[in-house]
Amino acid sequence: MRLDKYLCESTELSRAEAKRLLRGGEVTCNGKVIKTGSFKVPEAAEVRIEGNLLSLRGPRYIMLNKPVDFISSTADDDYPSVLNLLDIDKVSTLHIAGRLDVDTTGLLLITDDGQWSHKLMSPKKVCGKRYRVELADPIQDSAIEAFAKGVELRNEKAVTKPSTLEILSPTEVLLTITEGKYHQVKRMFAALGNKVVGLHRERVGQIELDEKLAPGEWRYLTEVEIDSVK
Ligand code: URA
């Protein structure tokens, strides 16, 4: 890895600040002062700033229980970003794997590992996403078969991929889908003439929302959860 990247990834320094320290001769690699950001840091090298040893932070994997009225991207004029809920360094290097609508709650996965999120979200990988859905009108049993076969969404040519519907009560269901089309769950129920009035994501692939997390709380994923995607 380049030395300037190493400095940014192991500290809270911005690129410009790292550059300034390098130019000032404050950075050593295995005891030698290095002034060029493009210098390639050898494997297991000791990098120090003003004598203080740095350690490289590994990639970060986070689950957040998204509350309503937060958006799954950078803040807009109306709502704050879910990233504001993370009280950690370098939040700007993180991205959200699979967004939720502003009024949807539940499991959001956030990482700085692009390959990991790509695997999770890739349309080639069948990754079930389970939602708890509250409906305006009672659901008919025939919806189970309709969703298993696939329904036609407005402005879409192909029908939805087979999905699994479990009816908990006339107006509360669990729906597991493997796609991630825009407003997919809301549009699927709209296709049956119903309306989603509450939407909560409980599970993505093998990763289940930790019930100990209140809305707005987060935790790092366990090794088992991270590896379930690899
Ligand atoms: N489907 C929706 O309609 N909204 C979401 O937030 C997620 C899935």
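Each ligand, and each atom within it, is numbered from 1 in the order the structure gives.
For Glu179 and Gln184, the side-chain atoms include at least one donor-acceptor pair closer than 3.5 Å. No hydrogens or angles considered: nothing links the side chains of Arg130 and Thr164 as a donor-acceptor pair under 3.5 Å.
The salt bridge (charged side-chain N to carboxylate O under 4.0 Å, His left out) search around Lys161 returns none, not counting sequence neighbours. With sequence neighbours excluded, the residues that form a salt bridge (charged side-chain N to carboxylate O under 4.0 Å, His left out) with Arg15 are Asp4.
Here the side chain of Arg201 pairs no donor or acceptor atom with the backbone of Lys129 at under 3.5 angstrom.
Ordered by chain and residue number, the residues placing a heavy atom less than 4.0 Å from ligand 1 are Leu100, Asp101, Thr104, Tyr131, His183, Gln184, Val185, Lys186, Leu199.
Residues Met1, Leu3, Tyr6, Leu7, Leu13, Leu21, Val27, Ile34, Phe39, Val41, Val47, Ile49, Leu54, Leu56 make up the rest of the hydrophobic cluster containing Leu22, defined by ILVMFWY side-chain heavy atoms closer than 4.5 Å, directly or through other members.
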